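Basis for what follows: all heavy atoms, side chains included, without hydrogens, waters or symmetry-related copies. Bear in mind the structure is a predicted one, so any value in this text is a computation, not a measurement.
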Amino acid sequence: MAKSKSDKAENKAKEKEKQRYTVSGRVFNAYGEPIAGQKVLAADVDLRGAAIYRTAATVKELTDNKGFELLGKDETNADGFYQINFSDNDYKNYERRHADVIVFALNDDDQVTGRSKLSNETDYTGNAINNWDIRLSGAAKRRPSEYRRLMQVIAPFMKENKMELFQLSSSEDQVSFLASETNQVRNHVALIVQADKLQDDHTKFKLSHELLYGAGRQNIPLTWSSLILVKRATIVKAIRRSIGENIIDPQDSKTIDQFIENLLTVALLQAVKMPEASNLFRTMTFSLKNPAMQKIFAQSYLQFDGKPEDFWEALSKEEGFTPAIIRSLQLSNQLSILTNMHTALIEELQVNRKINDPSELLELETREWSGIIKKTGFPEETPGNTPEEKEVNYINNIQSTLVAAYPTKKIALLVAGNQILFKDPEVKERVTAFFTAAPEFDISRSRVSGFNQVLKEVAGKLYDPVVQNLQLMQRIYQVSPSPQVMTILLGKGYTSAYHISSMSQNAFINTEAENIGGATIAADVHNRARYQVMRAQQIMLKIRDTQDKASPVKIITADQQTQIMDAINKLN
């Protein structure tokens with residue numbers, strides 16, 4: 001039966017009385033990325049539904065409960081946005097002003113994968129609930145990663161051109177062309193190419209192209225020479241960050257750890273081929289024969305950026321690195337510096353001659369050095385116009401470095417070798433005994449008086465002349481640029497800085513330049529002597545200024561008193 005005009009008018013009036021509402025928001029995955037194409041369902045929660053709205057796993061569970069009124073469905077757009085419209089007729093079972101709305105995210109099987117908060121009266125702005133977002137659980141889907149989106153475009157293009165990505169690594173123009181043709185970010189394409197190059201360098205290790213890209217996107221240079229210097233923790237952090245930013249897909253910890261282990265192993269293999277690192281790998285074999293320990297040492301050495309003592313302390317805690325091995329590695333390091341990283345000479349000294357400390361090399365005479373260098377050669381960059389001149393310069397540099405590092409031991413050798421003359425041979429023997437009994441004595445800074453006990457034991461009745469000769473050598477060493485110059489000055493009868501500075505500089509140069517190595521060295525000696533005298537005079541002036549006003553002990557500190565006595569001793 002057709003409805004009357006009055007029925008239609010009545011229905012129209014009732015329709016106008018309906019209140020219209022909306023609930024809207026966005027759906028995000030666990031990484032904060034908006035999810036497109038996500039099904040959502042809005043429902044009004046009644047008293048029965050309040051018991052299960054937090055835990056319900058399916059739409060069927062919601063409807064069976066009889067405590068939900070379904071308000072509508074939607075599917076998110078490209079930005080993850082949804083909007084569901086409903087009216088008060090949709091929750092008509094109970095009389096109240098506003099619906100208590102919850103929005104569920106559903107999969108294709110109508111299972112609940114996420115849910116919004118439950119609304120109340122205060123969540124409405126007018127007739128709308130806005131920003132009613134849903135965050136999916138960690139296992140929920142995420143949009144394709146940056147790496148995957150790149151490869152989906154680039155891989156077919158490369159296949160069409162019958163080329164591999166690594167083949168473009170040496171051509172910036174080809175990389176730029178690929179980025180332009182595929183409409184991708186040029187830097188991202190360059191990383192994709194370089195990652196493929198590293199993967200192709202050592203295919204048996206099966207380095208993950210995706211993880212290489214993820215590391216590169218966090219500013220880790222994708223070159224072997226750079227990777228060997230990057231710490232393991234830094235690479236882990238970079239990969240984790242790229243996963244978090246959806247640059248690459250999630251990876252389990254075991255996969256990441258194995259990748260980094262393989263990556264650093266390959267980086268080490270590549271580093272052996274690099275000229276700047278090859279000497280390091282050669283010299284470490286003098287102390288380490290175990291490949292596993294070689295790997296630990298090389299990676300630790302190349303990646304460490306703290307204090308040297310901290311490096312050796314950390315290395316000593318690694319399995320197998322005994323004190324003897326640590327000392328041997330330290331010796332290799334010292335010899336590397338001394339020889340300018342000349343591996344053949346390091347091997348001759350450490351392996352063939354079995355030295356235990358660089359100071360032992362002080363005992364080698366120039367002619368012995370010459371024989372060794374003729375066997376090992378010298379670095380190509382050694383200065384000199386002829387091979388003979390280069391050899392002399394190389395030997396002189398080594399000897400000068402040793403003397404500067406171990407001046408006291410050099411002087412002890414000069415005394416023992418009768419190159420420093422003593423009036424009494426027995427005094428000379430006692431001085432030699434002192435150097436042996438007091439290895440911590442440093443002629444450049446130690447006070448002779450600080451070793452009284454040792455002196456009494458080795459000098460006996462000759463205590464006074466032994467002390468006097470030690471102080472004499474120390475005074476002349478203070479103004480000498482080397483032990484050799486000190487020896488010559490002692491032989492010429494000089495006894496102190498005051499003795500030398502009492503001559504004019506020109507007179508001293510004219511007298512001694514030829515004997516001690518030239519005018520420059522003579523001028524240096526005289527300037528040192530003048531400085532020592534002026535310093536002592538300043539201290540003496542302080543004594544004079546204070547002695548009539550108060551007791552010096554109340555004005556001058558203990559350290560100053562020691563300095564005064566040292567200055568007086570140097571003048572005598």
Side-chain angles (χ1 to χ4, degrees), residues 25-40 74-83 105 108 133-136 140-203 206-227 230 234-235 237-251 255-256 259 263:
R26 301 175 76 192
V27 179
F28 300 94
N29 64 15
Y31 304 95
E33 303 160 350
I35 299 299
Q38 173 64 55
K39 293 188 342 183
V40 291
D74 194 17
E75 188 171 296
T76 57
N77 65 14
D79 295 321
F81 179 80
Y82 74 87
Q83 179 174 302
D108 292 337
D133 297 340
I134 302 172
R135 186 173 290 273
L136 304 182
K141 65 181 179 180
R142 64 189 304 192
R143 64 180 178 178
S145 65
E146 176 184 291
Y147 170 81
R148 194 167 298 280
R149 297 195 304 272
L150 266 171
M151 292 304 294
Q152 285 173 351
V153 176
I154 290 174
F157 185 84
M158 295 301 296
K159 187 175 181 179
E160 289 174 10
N161 286 273
K162 298 180 180 179
M163 293 185 70
E164 300 291 340
L165 284 168
F166 68 84
Q167 294 175 309
L168 312 184
S169 62
S170 60
S171 173
E172 292 187 5
D173 288 339
Q174 285 180 297
V175 171
S176 297
F177 183 85
L178 175 60
S180 176
E181 288 295 301
T182 57
N183 196 30
Q184 301 299 316
V185 178
R186 199 258 181 216
N187 288 345
H188 295 178
V189 174
L191 285 174
I192 285 281
V193 170
Q194 187 58 23
D196 199 52
K197 171 67 170 61
L198 296 190
Q199 187 183 50
D200 184 68
D201 283 343
H202 282 270
T203 54
K206 298 180 180 179
L207 296 174
S208 167
H209 186 238
E210 183 174 9
L211 291 180
L212 284 168
Y213 178 78
R217 280 286 279 114
Q218 302 301 331
N219 299 317
I220 292 180
L222 296 185
T223 63
W224 295 122
S225 58
S226 297
L227 285 168
V230 182
T234 302
I235 302 176
K237 185 176 180 180
I239 290 174
R240 294 292 185 196
R241 184 179 298 155
S242 282
I243 291 173
E245 295 173 359
N246 200 28
I247 291 171
I248 59 175
D249 288 334
Q251 310 278 337
T255 298
I256 294 172
F259 163 77
L263 181 66

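Closest approach of Gln83 and Asp74 over heavy atoms only: N-OD2, 2.9 Å.
Under a 3.5 Å cut-off, the side chain of Asn161 and the backbone N or O of Phe157 do form a donor-acceptor pair. Formation of a donor-acceptor pair under 3.5 Å by the Arg26 side chain with backbone atoms of Asp79 is found in this model. Using a distance-only test at 3.5 Å, with no hydrogens or angles considered, no donor-acceptor pair links the side chain of Ser242 to the main chain of Ile239.
From Ser145, atom OG reaches atom CD of Glu245 across 12.5 Å, with rounding to the nearest 0.5 Å. Between atom CD1 of residue Ile235 and atom CG of residue Leu227 there is a gap of 6.0 Å, rounded to the nearest 0.5 Å. In this structure, NZ in Lys197 is found 12.0 Å from CG in Leu212, a value given to the nearest 0.5 Å. Annotation: the span from Ser169 atom OG to Leu222 atom CG amounts to 12.0 Å, rounded to 0.5 Å. Distance CD/Glu210 to CG/Leu150: 11.0 Å, rounded to 0.5 Å.
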Please lay out, stage by stage, how Ile256 and Ile243 fare under the test side-chain contact (heavy atoms from CB on, under 4.5 Å).
CA-CA 11 Å; Ile256 294 172; Ile243 291 173; 4.1 Å; yes
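Atom CD of Glu172 sits in a sparse spot, with 12 or fewer heavy atoms from other residues, nucleotides or ligands closer than 6.0 Å.
Between Tyr213 and His188, the two ring planes are perpendicular [angle over 60°; tilted spans 30° to 60°].
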